[in-house]
There are 4 protein chains.
Amino acid sequence: MRVKDEKKRERLFDAAVKVFSRYGVEGSSIARIAREAGLSPATIYVYFASKDEMFEGLVLELGRRMSAAMLDGVEEAMAVREALERTWYNLVRYIVGEFEQYLLFELHRETRFFDPESYGRGRAYYTGLFELFRRGRADGSLAPELSDYALRAHLFAPAVRLAKHVVGGQLTLEEARLPDAFARCWRSVAP
Amino acid sequence: MRVKDEKKRERLFDAAVKVFSRYGVEGSSIARIAREAGLSPATIYVYFASKDEMFEGLVLELGRRMSAAMLDGVEEAMAVREALERTWYNLVRYIVGEFEQYLLFELHRETRFFDPESYGRGRAYYTGLFELFRRGRADGSLAPELSDYALRAHLFAPAVRLAKHVVGGQLTLEEARLPDAFARCWRSVAP
Amino acid sequence: MRVKDEKKRERLFDAAVKVFSRYGVEGSSIARIAREAGLSPATIYVYFASKDEMFEGLVLELGRRMSAAMLDGVEEAMAVREALERTWYNLVRYIVGEFEQYLLFELHRETRFFDPESYGRGRAYYTGLFELFRRGRADGSLAPELSDYALRAHLFAPAVRLAKHVVGGQLTLEEARLPDAFARCWRSVAP
Amino acid sequence: MRVKDEKKRERLFDAAVKVFSRYGVEGSSIARIAREAGLSPATIYVYFASKDEMFEGLVLELGRRMSAAMLDGVEEAMAVREALERTWYNLVRYIVGEFEQYLLFELHRETRFFDPESYGRGRAYYTGLFELFRRGRADGSLAPELSDYALRAHLFAPAVRLAKHVVGGQLTLEEARLPDAFARCWRSVAP
DNA sequence: TATGAATGAGCCTTCATTCAT
DNA sequence: AATGAATGAAGGCTCATTCAT
């Protein structure tokens, strides 16, 4: 019984990500998601109270996944630069590998830009990252005058854009030459 | 016969940008846009053949505007760095000043990421910029191994993100300290 | 001025018959009729008060035309059989030659079957025919016990159906062998 | 789960026939049919994929019914004339008894006159009848030179028209004097 | 007179959600 | 728990008609 439920929930999750990211939230009908998951539309309401709640739950989960993906392999003992370089590569690979999920997540963030509650919840995903920033500022490897937001902008915004170009086919991963690209970003946040 | 009211067209444009950028394309109803513009829903169809065509027309116009805004004040005689710095500030100011328009434009680009025709049309907006890149590589002020896409990513992606944080209230324009921020971006694309 | 008006009215008439008979009354938009006639939709309202009135006017005119076509070449002096034979052929040729008009007329009659006022108006088209029936009953060439309706049914209903089959391509005019076909109908109304 | 209510389907069928036959296909709105059936408009789409499909489905069923009604009580052993006389009466009674259904069926046939596919499908309803024609030609009771279409025109077209006049109130069933009327039709197809 | 602009009303259809089994 | 049936609300769009020139 329990196993079956979990499987269904997972199937539902995957189907929702797939459909939402393909057609947008408003463009995706519960019926389509249900069909994709091999369920009846009514069954979805056993697991989620509403379409919006499903979407919110999805995004929450996506945030967790992305956050975890970025910090994968990062250890306490690493130097700040080494750790950030690792998250940088992780992010690029996550976007390239799970583009649908990433786009869905980003779409959500852009859409709710002005909603402070949602924004605050979003911050949680970056605590690990921000901790690295704190350490970097403390040990002199990062410019102390740059805020978390500024650091993230300088370090990671180019990564996101490069990754998107890889997905869009305008660049290949080799052309992106990750270490050099990271080095350039790093240069822009040095003290 | 009654004559087409130019004011009406403009009201419609503004209303559509506002509503589309707030709720997304699928999430925006013709009725809502009409209400926002103070028109009857049917009247919209005097100006646009369909909702999709309206959206496409809007985005085309927005692209023109953004492109023009970025190149405002840029002269042939300027040094590459000076010119790019100007476009950089222009972009930040455009995003901050016309955030709805920018968001709508970006929404379109993200959504049609994989549509090559749409992508090609999008490139047209950046020819002025890419010409500057060419000159910069030629005169040694830009790293010659960086492609147009890479240059844009390193130089402008942080600008976009910083501007968004200003709009979102996480940063003020002063905190963003534009010249320093630009200098950091510039550093990341130096040879 | 006058000439121009008449031409427009005629163009409008022809366009309306064409469009109505092709798409049905409800399926035909004023805009389409206007386009077909090379006019603006608004101009139609100079000539007709409403779509329904236009349709009614059309049907009236069509009734007149069909009535005149049926009686074409019929003379007072003719024997009843000769006269009816003539109207019989005339009817077949009218349906085959002006099928669109005929269908439109018939459609109207079927649709308003229960409307007595409309039905009464329709009777007017047949006064010439019914006069022939009266003479035929009087001179013994037609069965006196058959009412106008019955006579029309036995004599003309087969003609209509045969004509339709010619139009539909299931019969050619030769196969229909008009004189024999009429003779058979005639046989069925003999005393 | 809730189970499909067979009563509902029937109510829908009757309502659709009623409304379609009164206002035509284009003139009938889904909302009106739903109201007539005591359902929500959306419920109609549980039973039919679209308005057009509903109409086609209806007509198919109507054709089956009319066909069955005409051949009711006809036996292999009957003489051709006896069998045809029976179908003749059956047809008149069907039209008088189920006028709405008949009108709708006819409406469809007239409207799709030129569509061969639809026409072919329509022929299926008459195979039983045409088989009687074949036998009649073979045993010398019907004029051998008359095609199926011609026979049907001479025999049945008057029946249809008489029945319509009964429905319209211009004739009563007695006035129509069925046996005499049939005898007249029969006379017109004799060899 | 003639007409493009404008619109209220309505249409077909979809959809998120609830119901009943 | 699971689901097909049912539906109120809404959506995009069309259209007959009127307006204003």
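Just so it is clear, the model here is predicted, and its values are computed rather than measured.
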Practice prompt. Round to a whole Å and report the spacing from CD of Glu26(D) to P of dG10(E).
Written response: 18 Å

Item to complete: Ignoring the backbone of Thr43(A), work out which of dA2(F), dA5(E), dA2(E) is nearest its side chain.
Response: dA2(F)

Discussion item. Once you apply a heavy-atom cut-off of 4.0 Å, does Ser29(C) come out as touching a base, just sugar-phosphate, or nothing?
Written reply: sugar-phosphate

Worksheet item: Counting just side-chain N and O atoms, does Lys51(C) come under 4.0 Å of either OP1 or OP2 of dC15(F)?
Response: no

Worksheet item: If each of Leu39(C) and Pro41(B) is mapped to the nucleotide of DNA chain E with the nearest heavy atom, which maps nearer the 5' terminus, i.e. the 5' end?
Response: Leu39(C)

Worksheet item: Is the phosphate of dA5(F), meaning OP1 or OP2, less than 4.0 Å from a side-chain N or O of Tyr47(D)?
Response: no

Worksheet item: Who does dC12(E) pair with, Watson-Crick or G-U, both distances under 3.5 Å?
Response: dG11(F)

Fill in: Per Val46(C) side chain, nearest of listed nucleotides dC13(F), dG4(F), dA2(E)
dA2(E)

Worksheet item: Can you tell me how far the CD1 atom of Ile30(A) sits from the CG atom of Leu39(A), to the nearest 0.5 Å?
Response: 11.0 Å

Worksheet item: Of Ala42(D) and Tyr45(B), whose nearest nucleotide on DNA chain F comes first from the 5' end?
Response: Ala42(D)

Worksheet, complete the sentence: note: Arg35(D), atom CZ; dG10(E), atom C1'; distance rounded to Å ~ 12 Å

Response to the item:
Between CZ of Arg9(A) and P of dA1(F) the distance, given in whole Å, is 12 Å

Discussion item. If I take atom OH in residue Tyr23(B) and atom C1' in nucleotide dA10(F), what distance separates them, rounded to the nearest angstrom?
Written reply: 16 Å

Item to complete: Report the nucleotide, chosen from dA5(F), dA6(E), dA2(F), that has the shortest atom-to-atom distance to any side-chain atom of Lys8(A).
Response: dA2(F)

Discussion item. Rounded to whole Å, how long is the line connecting atom CD1 of Ile33(B) with atom P of dG11(F)?
Written reply: 11 Å

Item to complete: Using heavy atoms to find the nearest nucleotide of DNA chain F for Ile30(B) and Ile44(A) separately, return the residue whose nucleotide is more 5′.
Response: Ile44(A)

Worksheet item: If pairing requires Watson-Crick or G-U wobble contacts with both distances under 3.5 Å, which nucleotide is the partner of dA20(F)?
Response: dT3(E)

Item to complete: Kindly say whether Val25(C) contributes a backbone atom to a donor-acceptor pair with the side chain of Lys51(C) at under 3.5 angstrom?
Response: yes

Worksheet item: Between atom CZ in Phe48(B) and atom C1' in dA6(E), what is the gap in whole Å?
Response: 16 Å

Response to the item:
Between CD of Glu53(D) and C1' of dT14(E) the distance, given in whole Å, is 16 Å

Fill in: Criterion side-chain contact (heavy atoms from CB on, under 4.5 Å) against Tyr102(B), the qualifying member of Ile95(B), Val167(B), Leu62(B), Val17(B)
Ile95(B)

Worksheet item: Would you say the side chain of Tyr23(B) lies within less than 4.5 Å of the side chain of Glu26(A), judging by non-hydrogen atoms?
Response: no

Worksheet entry | Note, Leu103(D) side chain near Phe20(D) side chain (heavy atom, < 4.5 Å) | no

Worksheet item: If you find the nucleotide of DNA chain E closest to Ala31(A) and the one closest to Ser40(B), which residue's nucleotide is nearer the 5' end?
Response: Ser40(B)

Practice prompt. Using atom CZ of Phe55(A) as one end and atom C1' of dA16(E) as the other, report the distance to the nearest whole Å.
Written response: 16 Å

